[in-house]
Structure formats: structure tokens, C-alpha cells
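Sharing a structure with you now.
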Amino acid sequence: MTVTALAVLWGVLLWGVLLSVRAAVTGRLLDRRRLAAVPPDAAPHVVLLVPALREQELLGEVVRAAAGLPYPPGLLHVVVVTTQREERERQAVVDRLPALAAALVASGARDAAARLGGVVPSGLAAETARRTRASADPAGTLRAALDAVPTTREVAAALLPELAAAHPGVGLHHLHYTDEGAKSSQLVHAVERLPELLPPDAAPSFTYVGLYDADSQPDLDTLTHLAAAVSRGGGPAPDLVQQLPLQLRRPHAARPGGADVLLRAHALADLRRRAGVEAHRILARRRIRAARLPAGVTAVAEPVVYGVGAGLFVRHDTLVSIGMYEEPVDDLLVGYKLSSAGAVMEVLPVFNLVDRYSGTAALGKAYALVAHGSLAGCRRLLTDPVLRAFRLRNAVVLVKEGLDTLWWFAGPAVVLAAAGTLVVRGAHGPLLAWALAACAYTLLHARWCVRRAGHWLAAHRGADARAEPPDGSAPLLLGLAFLLQPLLHWAGPIRHLARLLRGGPLVLGKTER
């Protein structure tokens, strides 16, 4: 048992080291690609979808950034997709407004602001809660605050004509989704309407549909690199082109304190995953394809690629052929399906600057949603007759992702059980040696992430005033936060599993969109 426990602990640590090495190598390769890119002679049509729910504060930023991306006139189309769900939820709040106002008065300041999450934009929640609690007429004050905030649909309707005049070469469109459904349903509605929005020369086989959330600030060279990746010779046009996010913007709703340090550490640690997992897997698929191995060997060797939402570009005809976006997670299932289909994939060497998470609860819920999507994806791979027609590839994706999902849920318990076994058996020396090695690795990893984040942020063209340069002056503090941040990674999935075992629904709050 002692040997097994040590094998588990050292195996986990060595796997982390391997991911860090992969991230470092991939990061250098992306840097070289960024500097060596050459604009192509021909560029595809590009559609940028911006789904919006309660995004009054940020919608203007992302649409201006999308419309301002340098690209040949007539080839860029930005589609803002608002949803009737926002109006329905606002009316539901109005219907229970007296009770909500009374609850705000009875709550503490922080709890009151949290209660307004999803009721008003996140940046206004704290001030609205403060004014409501201080008012002699809490219900009236809260109602006035709600009435003063326009809906996202109203913001979009006022914004787009202004931007259309400033960017005459860009097609700007506003769609409003009136049926039931969350973010994926908004996106499907937009893709179904594209034939009537795009010009006749926008062939689906040479049109790419991209996705940006409201906190996105893509690099100014994004579409130049996209066109270069699509037009690169030596093979078919890619089905998927992935731009990776940098969580280096400070969100409007961020609050200072210990949790904020933890969330900044998580944002930095996220760099390793982006480079060492997502980008590495796409590049590895290209290398395996270039080796011209037997088809069966290629199918087994190719890694599974996850779709990463904001910055995910899929060729229009490919997107329609795989059934477009699906609930509960629009991006993850796209990656599963394209991996099963043996799709051609590329990764961009420039990034999308996005907000880090504003609170630990939001991060936990986001990971719970991803875990939910992983389970749904495995079920889809197992039961969908279209995907099962890919036979070996589909089986490989199912096995790999099934094991990955199982480890995500069971991993924390296995690691704790291994450490506990060493304690019970008195193997304190080997456990201490492992713990020291893990701490040393964590600090080195934190240092690399700080340096890499600063490098990529400095190279990002179009960084805004909310860009948050990494704090390299406190590596020990960040290192300690790095040791704690996996708990956030695991908390959401474990909570999700517990709810499923109890037979209850998963309450995702704002992140369910």
C-alpha cells in the first residue's frame, strides 16, 4: 500500500511537471508563429457571434473591439444575439420585488450584493444593494434602480447604428432570440439566420463562425492570423480554429481580499492549461497527421481537443453538419464531436483577453458546468448514431474523455487517500520529501506563469485599461495560492456529483448561460 500511495503522489506531481514543460515549449512555438505569420492573398468571410444576457456594461466594449478588427471590407460580420430570457427574468424580479427588497435589508452588505447577482449588472450590484438597504423605501428604491438600467436589447439597438456608421466595411446585425433556452440556443438561432444575413458570395466552405463573450478583447491581429491559418497550404482548410483566452482583465465586480489573490493565482495557473493542454493537443494532432501513420494508429494517437468558447472558430458547413451548438455547454461538445469526426484543427498564436472570475462561487459554478458538459458529452458519444458511425475514433474519444472525467471527480479523493495512507503507515519521510518537491515545483510553476503572463500581455495588441499585469513581486504568496487553487477546480465538479447522487438539479446561477 505504501508503494502504491507513493506511486500515485509522484505520478500526479510528474504529470504536472510534464504539463508545465509542454506549456513552455508550446508557448515558445506560438511566439515564433506570431512573429512569422504572413498575410494571405485570399481571406474567408468571418462571422463573429456575440451572445448577450445582462451585458449592458460590457456589450459596447466587445462589439467595438470586434468591429474594429482589421480585415478586408465586406468580409467581417458581427452578430449580436440578445435573448427574451433577460426580459422574462426581469419581470419575475419585479413580481417578487417587495420580498427581495426586504431580504436585502435583512442581509449583510456582501450577502445583499450577492442576492442581486443576475438581477442587475454585476458592476452595479454592490451600489444598488447599498442604496436599497439605506433607503426609507427599499422596494421603491430597488424598482427605480431596475427601471434605470436598460435591457441588453435596448443597449444593442442604440449601439449598432452608431458602430455601423464608424465601420462601413463591417456587417453589423442584431438578432433577438424569443424562445426558451440558454446560450447555446441563442447561438443556434443566429447560425440558422446566417443565410439571410450574409452576402451570396459567403460560401459555407469558406466562411468561419466565431464566438466572443461580452468580456472578450481579441488581439487586433486575430483575423489576420485566422486567414493565414485557413489559407496555409499543404492540406484541407481547417474545420476548427482555436484562439485561447488570457484571463488577465480585472472584472467590474472583483473585490479585494484573500479570495482575490486566489482568483488571480487561478488566472495565472490557467496559462499552463491553455498552452500545455489545449494548444499542445491541436499542435500534436497536426504532427501526428504529418507523420502519415496508418489510419488506426492515427485515430488512437490523436489527442482529444476541447472547444474553448470565446475565440472558437468553426467552418460554417462543418458547424451545421455536426448539429451546431448544444446545451448544456456550447463549446465543449463542439470539440468532442469534431475530435470524433477526425476534424482538421489549427490554433492561433494570438490571444483573447478576458476577465478572470470575480468570485470563488462563480468559479466553482463554472467548473460545475464544465463537469456537467463533460458527462453530457460522454453520453452523446455513447448514444449518438452519427458519432458512433466514426467507430474507432468515436470509441477512442469516449474512452479518453470518460477516464479524464472520472479522474476529475475521483482525483481529489485518490490523492487524499494516498497521503492519508502514508500518514497511517508512518511513512512520514517519503511524504515529506514528496511535499517539499511539490512545493518547489509549485513555486517554479508560479514564477513561469507570472513571466509568461507578462510576456503575452505585453505582446497583446489592443489591451485595454483593465488589463491586469501579473504581480511578480509576491511569488511566495502566489505560490501558496497556487497550492489552494486546485480546490476551486475540484469544488464545482464534486458539488455537481453530490447533487446528482441526491437526485437534485444543478443550480448554476449566472454561469448557466
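Heavy atoms only: backbone and side chains are in, while hydrogens, waters and symmetry mates are out.
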- Partners meeting ring-ring contact (aromatic ring centres under 6.0 Å, His included) with His189 (sequence neighbours left out):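 Counting only residues at least two positions away or on another chain, His189 forms a ring-ring contact (aromatic ring centres under 6.0 Å, His included) with Tyr177.
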
- Could you go step by step and tell me if Val62 and Asp213 meet the side chain to side chain contact (heavy atoms under 4.5 Å, CB included) rule? CA-CA 8 Å; Val62 64; Asp213 290 327; over 6 Å; no

- Task: Output the distance between atom OG (Ser339) and atom CE (Met345), rounded to the nearest 0.5 Å.
- Result: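 Ser339 atom OG to Met345 atom CE measures 4.0 Å (nearest 0.5 Å).
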
- OG1 on Thr207 to CZ on Arg315, rounded to 0.5 Å: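 Result: 10.0 Å between the selected atoms.
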
- Query: Any donor-acceptor pair under 3.5 Å linking the side chain of Gln56 with the backbone of Thr151?
  - Reply: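 Flag not set: sc Gln56 to bb Thr151 has no pair under 3.5 Å.
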
- Item | Non-hydrogen side-chain atoms of Arg249 and Leu457 separated by less than 4.5 Å |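 A side-chain contact is absent here, since even the closest heavy-atom pair is not under 4.5 Å.
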
- Query: Taking Thr318 for the side chain and Val314 for the main chain, is one N or O donor matched with an acceptor at less than 3.5 Å?
  - Reply: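 Side chain of Thr318 to backbone of Val314: no pair is present.
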
- Message: How close do Pro44 and Tyr71 get, counting heavy atoms only, and between which atoms?
- Response: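 That would be O-OH, 2.6 Å.
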
- Using distance alone, with no hydrogens and no angle criterion, decide if His45 and His77 have a side-chain donor and acceptor under 3.5 Å apart.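 Looking only at side-chain atoms, His77 and His45 do form a donor-acceptor pair, the distance falling under 3.5 Å.
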
- Query: Below 4.0 angstrom, N of the basic side chain to O of the carboxylate: do Arg34 and Asp31 qualify?
  - Reply: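 A salt bridge is present here (some side-chain N lies under 4.0 Å from a carboxylate O).
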
- Task: Check Ala164 against Leu172 and note the closest heavy-atom contact, atom names and distance.
- Result: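 So the two residues come closest at N-CD1, 3.3 Å.
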
- Message: Any heavy-atom pair between the side chains of Val46 and Leu75 that's under 4.5 Å?
- Response: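 A side-chain contact is absent here, since even the closest heavy-atom pair is not under 4.5 Å.
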
- Return yes if a side-chain donor-acceptor contact under 3.5 Å exists between Tyr336 and Asp331, otherwise no.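 Absent: no donor and acceptor within the cut-off.
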
- Task: With the side chain counted from C-beta on, respond yes when Thr222 and Phe351 share a heavy-atom pair under 4.5 Å apart, and no when they do not.
- Result: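 Result no, sub-4.5 Å side-chain heavy-atom pair not found.
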
- Message: What I want to find out is whether Arg64 reaches Glu162 closely enough, with some N-O distance under 4.0 Å, to be called a salt bridge.
- Response: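 Looking at Glu162 together with Arg64, the answer is yes, because their closest N to O distance falls below 4.0 Å.
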
- Message: I'd like to check Val47 versus Tyr208 (side-chain heavy atoms, cut-off strictly below 4.5 Å). Are they in contact?
- Response: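 Side chain of Val47 against side chain of Tyr208, heavy atoms only: no contact under 4.5 Å found.
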
- Message: I need the minimum non-hydrogen distance between Leu268 and Val450, along with the two atoms involved.
- Response: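 Residues Leu268 and Val450, closest heavy atoms: CD1-CG2, 3.9 Å.
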
- Task: Anything under 30° is parallel, anything over 60° is perpendicular, the rest tilted; go ahead and classify Tyr441 against His445.
- Result: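 Answer is parallel, since the angle falls under 30°.
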
- Message: Looking at Arg88, I want to see if its CZ is surrounded by more than 12 non-hydrogen atoms of other residues, nucleotides or ligands under 6.0 Å.
- Response: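 Above 12, so yes.
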
- Would you please classify the geometry between the His266 ring and the Tyr357 ring as parallel, tilted or perpendicular, with 30° and 60° separating the classes?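 Perpendicular, since the angle between the ring planes exceeds 60°.
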
- Query: Any salt bridge between Asp221 and Arg461, counting N to O under 4.0 Å?
  - Reply: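 Answer for the salt bridge query: yes.
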
- Answer yes or no: is there a side-chain heavy-atom contact under 4.5 Å between Val305 and Glu278?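 No, too far: nothing below the 4.5 Å cut-off.
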
- Task: Could you check if a side-chain atom of Tyr306 sits within less than 4.5 angstrom of a side-chain atom of Gln242, using non-hydrogen atoms only?
- Result: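 Result no, sub-4.5 Å side-chain heavy-atom pair not found.
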
- Message: Looking only at side-chain N and O atoms, does His174 offer a donor or acceptor that is under 3.5 Å from a partner on Thr82?
- Response: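 There is such a pair between these side chains.
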
- How about Tyr325 and Leu49: do any of their side-chain heavy atoms sit closer than 4.5 Å?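 A side-chain contact under 4.5 Å exists here.
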
- Under the criterion salt bridge (charged side-chain N to carboxylate O under 4.0 Å, His left out), which of Glu87, Glu86, Glu89 is the partner of Arg54?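 For Arg54, the salt bridge (charged side-chain N to carboxylate O under 4.0 Å, His left out) check succeeds only for Glu89.
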
- Nearest-0.5 Å distance, OG1 of residue Thr128 to CG of residue Leu146: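 Going from OG1 on Thr128 over to CG on Leu146, the span is 8.0 Å.
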
- Message: Do Leu211 and Pro51 make a side-chain contact, defined as non-hydrogen atoms from C-beta onward lying under 4.5 Å apart?
- Response: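 Of all side-chain heavy-atom pairs linking Pro51 with Leu211, at least one is under 4.5 Å.
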
- Query: Going through the checks in order, is the side chain to side chain contact (heavy atoms under 4.5 Å, CB included) test met by Lys337 and Glu326?
  - Reply: CA-CA 11 Å; Lys337 290 189 286 187; Glu326 298 183 34; 2.6 Å; yes

- Is a donor on one side and an acceptor on the other found under 3.5 Å between the side chain of Gln247 and the backbone of Asp270?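 Judged by distance alone, no pair lies under 3.5 Å.
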
- Task: Quick one: do His280 and Leu19 satisfy side chain to side chain contact (heavy atoms under 4.5 Å, CB included)? Show the steps, please.
- Result: CA-CA 9 Å; His280 167 80; Leu19 289 183; over 6 Å; no

- Arg143, CZ: over 12 other non-hydrogen atoms inside 6.0 angstrom: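 No, not enclosed.
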
- Please report the closest heavy-atom contact between Leu271 and Ala453, naming both atoms and the distance.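 Shortest heavy-atom separation between Leu271 and Ala453 comes out as CD1-CB, 3.3 Å.
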
- Decide side chain to side chain contact (heavy atoms under 4.5 Å, CB included) for Val81 and Val79; before the verdict, give the C-alpha distance in whole Å, the side-chain angles of both, and the deciding distance to 0.1 Å. CA-CA 6 Å; Val81 194; Val79 183; 4.1 Å; yes

- Task: Keeping the roles fixed (side chain from Thr152, backbone from Glu55), state whether a donor-acceptor pair exists under 3.5 Å.
- Result: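 Flag set: sc Thr152 to bb Glu55 pair under 3.5 Å.
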
- Enter the distance from His460:NE2 to Leu353:CG here, rounded to the nearest 0.5 Å.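 Result: 5.0 Å between the selected atoms.
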
- Minimal non-hydrogen separation, Ala66 against Val78, with atom names: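 Taking Ala66 first and Val78 second, the nearest heavy atoms are CB-CG2, 4.1 Å.
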
- Could Arg379 and Asp384 be called an ion pair, given the rule that one side-chain N must be under 4.0 Å from one carboxylate O?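 Looking at Asp384 together with Arg379, the answer is no, because their closest N to O distance does not fall below 4.0 Å.
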
- Item | Spacing of Arg193 atom CZ and Leu197 atom CG [to the nearest 0.5 Å] |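 If we round to the nearest 0.5 Å, Arg193:CZ and Leu197:CG are 6.0 Å apart.
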
- Message: Minimum heavy-atom separation for Pro251 and Asp355, please, with both atom names.
- Response: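 Here Pro251 and Asp355 meet closest at CA-OD2, 3.7 Å.
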
- Message: Would you compute the distance between atom NE2 of His173 and atom CG of Leu194 and round it to the nearest 0.5 angstrom?
- Response: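 The distance works out to 8.5 Å.
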
- Task: Applying side-chain hydrogen bond (donor to acceptor under 3.5 Å, both in side chains), name anything that partners Ser216, two or more places apart in sequence or on another chain.
- Result: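 For Ser216, the residues satisfying side-chain hydrogen bond (donor to acceptor under 3.5 Å, both in side chains) (neighbours in sequence not counted) are Asn352.
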
- Task: Taking only Lys NZ, Arg NE, NH1 and NH2, and the carboxylate oxygens of Asp or Glu, determine whether Arg85 and Asp179 approach each other closer than 4.0 Å.
- Result: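 Salt bridge flag = no for Asp179 with Arg85.
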
